[in-house]
Amino acid sequence: MSEQEFNQNEERGNSGENYRRIVIFDTTLRDGEQSPGASMNLREKLEAAQGLEDLGVDVIEAGFPIISPGDFQSVKEISKILKRTSACGLARCVDKDIDAAGEALKDALHPRIHIFLATSVIHRKYKLRMSQDEIIAKAVEGVRRGRNLCSDIEFSPEDATRTEIDFLCRVVEAVIDAGARTVNIPDTVGYTTPQEMYDRIKALINRVPNIDKAILSVHCHNDLGMAVANSLSAVSAGAGQIECTINGLGERAGNCALEEVVMAMRTRPNIYKADTKIISQKLVPMSRLISRITGLQVPRNKAIVGMNAFAHEAGIHQDGILKERTTYEIMSPESVGFTKTDLVLGKHSGRAALADRAHQLGYVLSPEQLDAVFVEFKKLTDRKKEVYDADIHALIDQQNRGPKDEIKDNKWKFVSYSLTCSSEGSPKLTLALTHRGEVVGVESEEGDGPIHAAFWAIRKASDLPLIMKEFKIEAITGGPDAQGVVIVHLQDERNPEKVFRGQGVSTDIIEAGMIAMVNALNRMS
C-alpha cells in the first residue's frame, strides 16, 4: 500500500459502496462493569455514555434494570441524554425483568430491550430444567411481551455456541417470527473458535427461512483469547452486529475489544468488506476515559490503544519508519487518537494554551472545569519543569474523579502530611484531613513503610475497619519528577462483598497514595 493509499484509506473510513455497515453494540456499561473492581457510579456512567455516543457507537447497553435500583436509575438517566445512539436494557426472559427494562427505557428516543434465555444442553439440564419446546415457548412469550413495550427487541439464546445447531435454528426462527429485530449469538463462555463461529453463522443464514427480517449479532467472550477473531469470523460469514466493550472489559477474561475489531475492519477492507460509523480518532481518548473511570489500566502492549502500540525501538524498525512509515505501521497513530506531537507546557503557559491542548487531546471542558484544572496545572509547574500530554491527561482525569454526584455529606478531603522515616524503625506520619469541612489531625507510628503508615492513619481517622485489597503505582512520564498514578481498592471488613476504588495523582507518590485512599473512603461514606 502506498503512502497516498494509506492516507486515503484512513480518511474515508472504508465508506465505499461495496462495504456493509456493521452495527456496534457497546456493553462496557453492563458487561464491562462486571469486571472485578470496575463498578461505576451514576456520574461516571453518564460521562462514559456521552463519550460512547460521541465515538459513534450505535447501541449502548446501559445496564440490567431489574438487578438493582442503581442499575435501573443508570439506564433511565442514560436514556435521557442519548440523542443518536440507541439505549438498551438487559432482561432475562422473565416478565418482571422485561417490564423493568421497558419502564427504565420509557424516556429513550431509541429504546431497545435485550432479552436472553439459555438454550444449550448443559443450561437446559442443570439451570433451567426445561425441554426444547418449553424453551421456545418461553422465548416467544418474552419477545412478544417486550414488543408491547418497545419496537426494537434483541433476543440472545445464551450459550448459543454450545447449543445444537438444529435447535438453535428453531429458536432463532421462532423469536424472529415473534418480533425480534436483532438475534444475538453469544459465545457466553468463550469456548468457540473462528472456524466454528463462521460455520455457525453461515448455517443460521442458510437454514433459518426468515433470517432476512433480523440482524444477526455476536457477543464473544475472550476466555481463550479469540473474542476479536471470533467476532471478525462472524462478520465474514454475514453477521451485521458486533457486541463489544472498550479495552475488552468484561467478566472473567473480558469481551471482544471494540477498538480492535473496528480497526481490523478499517485496516483490512479487502478482507471484511465491512465498516462501522465509529470515529476512530476518538478511540484512544475513549480508552483512557474508561481506564480512568474503572481504575483498570491498559497494558502498554495493548493493541490499538496501548502506549507501545506505535512505539518503535528496534533499529531496523526505526530506520524503516523514517524512510517510509508504512514499512512498519499498518495504521497511523493519529487515526486512532494518538497526538502527533507531545507538546511541552511550562510555568509560563497560560489558560488559553492549556485549553487548546486539552481540546487537542479530546477533552471538552466547561469554564469551571478549565479553571479548576488550570489551578492544579500551575501547582504542578511549580513541582515539575516540563508538563507533557500524559500529565495533562492525568490532571483532567483527576479533576473529573470523585463521587461528586453521590457524596453529599460525610466527605473527606486530603490536606497535607509530614513524615519521618528510615530503614530502621517504624515511620512517624502526621496527616491532616478535612471531614465535612472540619480539620482532622492524625498521627501514626504503625506500619513497615510510609504507605503502610498512611493507610493506618486514614484507617484511624475514618474509624472504619479498612482492609487494603490492592495498591498499584504507575509513572505517567519518564524522569525523576514524573507524576505517579496510584490506584487503591479498599474494603470495609464488615461488608467484604464491596470493594471501593480510589485514584490519586501527584509527583509525590506517598501523597498520591493518600489521595487515592481518601477518594476510596469517600465512595464508602
Side-chain angles (χ1 to χ4, degrees), residues 33 35-48 70 288-297 369 372-373 375-377 379-380 391 393-417 429 431-440 442 444 450-476 483-493 495 498-525:
E33 195 197 18
S35 300
S39 60
M40 312 174 204
N41 61 40
L42 177 58
R43 180 187 61 81
E44 290 168 336
K45 286 188 176 182
L46 289 169
E47 185 181 2
R288 286 173 170 164
L289 172 64
I290 295 301
S291 179
R292 184 255 296 173
I293 286 175
T294 62
L296 299 177
Q297 300 299 302
Q369 287 175 314
V373 173
V375 169
E376 296 305 313
F377 168 74
K379 291 179 183 177
L380 181 60
D391 295 309
H393 279 296
L395 282 176
I396 296 172
D397 291 346
Q398 183 66 15
Q399 176 61 30
N400 287 336
R401 289 201 69 79
K404 298 176 185 176
D405 59 332
E406 296 184 354
I407 303 298
K408 302 293 189 297
D409 301 309
N410 202 33
K411 189 171 183 180
W412 295 88
K413 184 177 180 181
F414 170 81
V415 178
S416 64
Y417 81 97
L429 183 140
L431 173 64
L433 305 171
T434 58
H435 181 227
R436 297 182 181 176
E438 298 289 329
V439 177
V440 178
V442 185
S444 173
I451 296 297
H452 202 185
F455 168 73
W456 280 110
I458 287 173
R459 176 173 165 140
K460 186 183 295 185
S462 66
D463 197 28
L464 291 174
L466 302 176
I467 298 172
M468 179 75 75
K469 299 296 290 183
E470 191 169 346
F471 185 96
K472 295 190 294 185
I473 303 173
E474 182 174 339
I476 293 173
Q483 289 194 98
V485 176
V486 173
I487 296 170
V488 303
H489 290 84
L490 296 183
Q491 181 186 68
D492 183 338
E493 65 181 5
N495 191 1
K498 291 190 175 182
V499 177
F500 298 87
R501 185 184 69 255
Q503 179 173 314
V505 179
S506 176
T507 54
D508 178 345
I509 206 65
I510 299 170
E511 180 179 276
M514 285 188 276
I515 292 171
M517 292 180 219
V518 170
N519 284 338
L521 187 61
N522 278 328
R523 289 175 177 266
M524 291 181 170
S525 302

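Rounded to the nearest 0.5 Å, atoms CZ (F500) and NE2 (H489) are 11.5 Å apart. With values rounded to the nearest 0.5 angstrom, H435 atom NE2 is found 8.5 Å from N522 atom CG. Separating the OH atom in Y417 from the CD1 atom in I515 is a distance of 10.0 Å, to the nearest 0.5 Å. Of the inter-residue distances, the one linking M40 atom CE with E33 atom CD reads 5.5 Å to the nearest 0.5 angstrom. Between the CG atom in L490 and the CE atom in M468 there is a gap of 5.0 Å [rounded to 0.5 Å]. Taking OG of S506 as the start and CE of M514 as the end, the distance is 9.0 Å to the nearest 0.5 Å.
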task: Would you check, one step at a time, whether the test side-chain contact (heavy atoms from CB on, under 4.5 Å) holds for L395 with D391?
output: CA-CA 6 Å; L395 282 176; D391 295 309; 5.6 Å; no
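R292 pairs in a side chain to side chain donor-acceptor pair (under 3.5 Å) with only one of the listed residues (E47, Q297, Q503), which is E47. No option in V439, V518, V440 other than V439 meets the side-chain contact (heavy atoms from CB on, under 4.5 Å) test with T434.
Of all heavy-atom pairs between A457 and L431, the closest is CB-CD2, 3.9 Å. The minimum heavy-atom distance linking A48 with I290 is given by the pair CB-CD1, 3.9 Å. What you find for A461 and V442 is that their closest heavy atoms are CB-CG2, 3.4 Å. Scanning both residues, L296 and S291, for their nearest heavy atoms gives O-OG, 2.9 Å. Considering all non-hydrogen atoms of both residues, S462 and L521 come closest at CB-CD1, 3.7 Å. Across G484 and I509, no two heavy atoms sit closer than the pair CA-CD1, 3.8 Å.
Residues satisfying the side-chain hydrogen bond (donor to acceptor under 3.5 Å, both in side chains) test with N495, not counting sequence neighbours, are none.
Here the side chains of M517 and F414 are not in contact, with every heavy-atom distance at 4.5 Å or above. For the pair T507 and L380, the minimum side-chain heavy-atom distance is below 4.5 Å.
Note: F455 and H452 have parallel aromatic rings, judged against thresholds of 30 and 60 degrees for the angle between ring planes.
When atom types are taken as modelled, the side chain of R501 and the backbone of I487 share no donor-acceptor pair closer than 3.5 angstrom.
Taking a cutoff of 4.0 Å between a charged side-chain nitrogen and a carboxylate oxygen, E44 and R523 qualify as a salt bridge. With respect to the salt-bridge test (charged N to carboxylate O, under 4.0 angstrom), the residues E470 and K472 qualify.
More than 12 heavy-atom neighbours from other residues, nucleotides or ligands sit within 6.0 angstrom of CD on E493. Surrounding NZ of K413 are at most 12 heavy atoms belonging to other residues, nucleotides or ligands under 6.0 Å away.
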